[in-house]
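Can you keep this structure in mind? I'll have questions shortly.
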Amino acid sequence: HRLVTGKTSARSVGAVMKKYLDAIESGTIEMAPSTVVTSRSAVRSMSNMVLSDGRQFGSIRLSKLGWRDIEALYAAMKAAGRGTAWVRRCATVLSQSLEFGKKRGLLDSNPSRDAQRPRTKRTKPFSPTAEQIRDVISHVDGKDPELADMVRLLVSTGMRRGELLALRWEDIDLTATEVNVSAALVDGGKGVGIVRKATKTSD
């Protein structure tokens, strides 16, 4: 593919990913707070990654970027100890960034579509038995009654741990015996910390 000339000063992979982040920060692209944090971290990780041939991925010119370079990025990330799930998340951010650049005339094709992502192994979720749950609650009850109540709430509602931690008193109606789950706490990572984000429908 070729870079469309005369359109922008963003001529490197790192620059187009930054423009994608800028669009998110300005609200042009709507995204959940935790996803913004993840995308920012992914861009930083990919931009700084050094490929096996010594090139820094973020410095590669868009006009030279091909699917082999992108697969080399994935391989370098794996070699650096990054988990498959994180590499796949970065691959999504890269694809979205390049698609963003394509729509704005920065390049005429998205080479990430031809690059093969690392595959993940699917595992079935584990559900404890009722007896196991009773044993846990019985064990915790004598040491930390509040924690035992949290366990009861988790197993009786099916909410996620982050959703439980994000509960506020206004979310709980004791008269109607209802709990409104509309947010979750997530770890935004180094420099960000804990972030409270709305669920996808905020309800």
Side-chain angles (χ1 to χ4, degrees), residues 1-120 183-184 186-203:
H1 67 282
R2 60 181 174 77
L3 177 71
V4 178
T5 59
K7 296 287 185 179
T8 178
S9 59
R11 299 193 177 278
S12 69
V13 181
V16 78
M17 289 194 293
K18 184 180 183 305
K19 280 195 170 292
Y20 173 67
L21 288 180
D22 290 343
I24 294 172
E25 301 284 357
S26 68
T28 303
I29 299 175
E30 292 187 10
M31 197 171 283
S34 61
T35 309
V36 174
V37 171
T38 302
S39 299
R40 193 183 299 123
S41 180
V43 166
R44 183 168 56 251
S45 178
M46 290 186 289
S47 293
N48 295 331
M49 187 59 57
V50 177
L51 307 185
S52 59
D53 60 7
R55 291 178 299 161
Q56 187 176 39
F57 185 73
S59 299
I60 296 175
R61 292 178 67 84
L62 287 174
S63 58
K64 302 292 185 181
L65 181 68
W67 63 267
R68 290 183 180 84
D69 301 309
I70 295 171
E71 289 191 359
L73 166 70
Y74 301 156
M77 295 181 77
K78 292 286 287 182
R82 306 297 193 272
T84 300
W86 175 244
V87 176
R88 288 181 62 85
R89 182 70 190 98
C90 287
T92 298
V93 174
L94 176 61
S95 179
Q96 291 170 341
S97 298
L98 295 176
E99 196 63 27
F100 171 84
K102 177 185 170 186
K103 289 179 179 178
R104 281 152 183 79
L106 309 186
L107 65 166
D108 63 5
S109 66
N110 184 349
S112 68
R113 295 182 177 277
D114 297 321
Q116 185 172 346
R117 301 184 184 191
R119 295 185 178 181
T120 55
V186 296
D187 186 355
K190 186 177 180 180
V192 177
I194 303 300
V195 178
R196 189 177 194 273
K197 73 176 186 72
T199 55
K200 289 184 177 179
T201 60
S202 297
D203 190 16

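All residue numbers in this chain count up from 1 along the given sequence.
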Nearest 0.5 Å please: distance from the NZ atom of Lys19 over to the CZ atom of Arg104. 10.0 Å
Kindly say whether Asp22 contributes a backbone atom to a donor-acceptor pair with the side chain of Ser26 at under 3.5 angstrom? yes
Distance col, row Ser12:OG vs Leu62:CG, nearest 0.5 angstrom, shows 6.5 Å
Ser95 side chain vs Ala91 backbone, donor-acceptor pair below 3.5 Å: no
At what distance, to the nearest 0.5 angstrom, does NZ of Lys103 lie from CG of Asn110? 10.0 Å
Partner residues of Ser59 under the side-chain contact (heavy atoms from CB on, under 4.5 Å) criterion, sequence neighbours left out: Gln56
Report yes if some heavy atom in the side chain of Asp69 is under 4.5 Å from a heavy atom in the side chain of Arg55; otherwise report no. yes
Compare every heavy atom of Ala115 with every heavy atom of Ile70, then report the nearest pair and how far apart it is. CG2-CB, 3.7 Å
Thr84 and Arg119: side chain to side chain contact (heavy atoms under 4.5 Å, CB included), yes or no, with the steps? CA-CA 7 Å; Thr84 300; Arg119 295 185 178 181; over 6 Å; no
Looking at side-chain heavy atoms only, is the closest gap between Met46 and Val13 below 4.5 Å? no
So do the side chains of Ser39 and Arg89 get within less than 4.5 Å of each other, counting heavy atoms only? yes
When you compare the side chains of Ser109 and Lys102, does any donor N or O come within less than 3.5 Å of an acceptor on the partner? no
Nearest 0.5 Å, what's the CZ-CG distance between Arg113 and Leu98? 10.0 Å
Tell me, do Leu21 and Phe100 make a side-chain contact under 4.5 Å, heavy atoms counted? no
Apply side-chain contact (heavy atoms from CB on, under 4.5 Å) to Ala184 and list each qualifying residue two or more places apart in sequence or on a separate chain. Glu163
Hey, is the main chain of Glu71 close enough, under 3.5 Å, to the side chain of Gln116 for a donor-acceptor pair? no
Could you measure the distance from the CE atom of Met31 to the OG1 atom of Thr38? Nearest 0.5 Å is fine. 9.5 Å
Decide yes or no on side chain to side chain contact (heavy atoms under 4.5 Å, CB included) for Met17 and Val93, but give the supporting numbers first. CA-CA 8 Å; Met17 289 194 293; Val93 174; 5.5 Å; no
Starting at OH of Tyr74, measure out to CG of Leu94 and round the result to the nearest 0.5 Å. 5.5 Å
Do the non-hydrogen side-chain atoms of Met49 and Cys90 ever get within less than 4.5 Å of each other? no
